[in-house]
Amino acid sequence: MQERLQTLKEEALSQIEKASSMKEVQDIRVAYLGKKGPITEISKGMGKLSAEERPKMGQLVNEIRTAISDQLEAKVNGLEKAAVEERLKKETIDISLPGRPIKRGNHHPLTRVIEEIEDLFLGMGFSIAEGPEVETDYYNFEALNLPKDHPARDMQDSFYITEETLLRTHTSPMQARTMEKLNGEGPVKIIVPGKVYRRDTDDATHSHQFMQIEGLMVGENVRMSDLKGVLQSFAKKMFGDEREIRLRPSFFPFTEPSVEMDISCFICSGNGCSVCKGTGWIEILGGGMVHPNVLRMSGFDPEKVTGFAFGMGPERIAMLKYGIDDIRHFYTNDSRFIKQFNTL
Ligand code: 2NL
């Protein structure tokens with residue numbers, strides 16, 4: 001009996017040793033310590049033993065049961081620990097992996113150019129004025145020396161809403177509004193950026209809706225040379241310090257005299273290229289001395305004050321500066337286009 005018990009113990013311990021899963025451990029427990037297992041069977045048979053042998057055998061059976069039971073428990077603990085370790089190994093996070101880049105947007109190229117222009121003029125003491133896109137016929141035309149029968153009104157085919165209201169064809173009406181509010185008390189020094197509308201067929205260089213930035217300075221002794229100095233600074237800031245400018249005579253109903261400004265070609269510096277069409281000069285904007293009629297209609301006395309005004313198209317500035325070949329790129333919002341102007 002003792003021998004059988006010893007053998008049982010060795011067998012059990014060796015099987016536990018070899019077990020590699022919870023299921024196996026459980027099977028071994030049932031096989032050796034279960035109700036129908038050999039240890040239970042031996043315990044049950046103890047009654048047949050003599051009073052002398054019974055305690056000795058009882059102790060031995062208990063020892064063996066405890067030994068097997070302890071071993072089983074140790075195995076269970078070992079297997080659990082191994083399982084946890086295995087999981088930890090699998091789930092470790094590789095913190096050396098580079099993070100996923102965050103997609104950041106960037107300013108639209110037109111916004112960039114407009115803000116750059118605004119910064120320059122703010123630095124020269126101009127304020128920014130903004131106003132309505134739906135305008136009255138009076139502010140859009142009449143107040144700018146374009147009476148009802150003026151032929152220049154045909155030049156600017158416009159989107160009329162009613163007989164007296166339309167989508168503004170330039171930002172000048174806001175300049176007239178600003179002057180009017182000041183009741184003849186200068187000086188005025190503003191720029192007006194904003195959307196304007198003209199009835200045009202869209203193509204690579206025309207759009208029915210586009211941006212304009214106009215500037216206006218009114219005060220005592222404001223001269224054409226002041227306009228020239230301001231525009232010279234503008235040309236250098238936007239197209240490089242080496243830029244020269246030239247003014248050519250032109251015509252606008254709201255200025256007299258009127259000029260058009262060219263900058264020396266920033267591509268070929270005058271040697272001749274396709275951008276300046278071999279002339280060495282690129283036309284950038286128009287301006288002039290505010291027409292006395294315009295000053296008068298907005299409440300200023302042209303005998304006492306003078307003013308200069310200019311207007312430019314920021315799309316044209318941006319197209320030249322960045323080599324953009326189609327104005328429609330600005331409005332179709334293809335992210336492949338916009339992303340190219342990411343300087344963040
Ligand atoms: C151009 C030319 C110009 C003005 C705009 C202006 C405004 C007032 C009085 C007088 Cl309130 N003039 N604006 C003057 C000359 C030219 O724009 O080619 N723009 C894209």
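Owing to the predicted nature of the structure, the values given are computational and were not obtained by experimental measurement. We count residues from 1, following the sequence as given. Order of appearance sets the numbers: ligands from 1, and atoms from 1 within every ligand.
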Tell me whether the centres of the aromatic rings in H329 and Y322 are closer together than 6.0 Å.
no
NZ or CZ of R223 within 45° of F308 ring axis and under 6.0 Å
no
Counting non-hydrogen protein atoms only, what is the nearest one to atom 12 (N) of ligand 1? Give residue, atom name and distance.
A309 CB, 3.2 Å
Can you check whether F234 and F126 have ring centres sitting under 6.0 Å from each other?
no
Atoms of ligand 1 under 4.0 Å from any heavy atom of E214, numbered from 1 in the order shown, are 4 (C), 5 (C), 6 (C), 7 (C), 13 (N)
Can you name the atoms of ligand 1, numbered from 1 with element, that are less than 4.0 Å from a heavy atom of L144?
8 (C), 11 (Cl)
shortest atom 7 (C) of ligand 1-to-protein heavy-atom contact is with Q175 OE1, 2.9 Å
Mark up the atoms of ligand 1 that fall under 4.0 Å of a heavy atom belonging to G287, in ascending order.
15 (C), 16 (C)
Using the side-chain hydrogen bond (donor to acceptor under 3.5 Å, both in side chains) rule, pick out the option among R246, E244, R243 that qualifies with S264.
R243
Set of side chain to side chain contact (heavy atoms under 4.5 Å, CB included) partners for E283, sequence neighbours left out
R248, E260, D262, R316
One residue to check: F254. Relative to ligand 1, which of side chain, backbone, both or neither has a non-hydrogen atom less than 4.0 Å away?
both
Out of curiosity, L79 CG to M22 CE, how far, rounded to the nearest 0.5 Å?
5.0 Å
Please determine whether any non-hydrogen atom of L285 lies less than 4.0 Å from an atom of ligand 1.
no
Could you tell me which atoms of ligand 1, counted from 1 in the order shown, lie closer than 4.0 angstrom to a heavy atom of G311?
1 (C), 2 (C), 3 (C), 5 (C), 17 (O), 18 (O), 19 (N), 20 (C)
Between R177 and E135, is there a salt bridge with N-O shorter than 4.0 Å?
yes
In ligand 1, which numbered atoms sit nearer than 4.0 Å to a non-hydrogen atom of Q212?
19 (N), 20 (C)
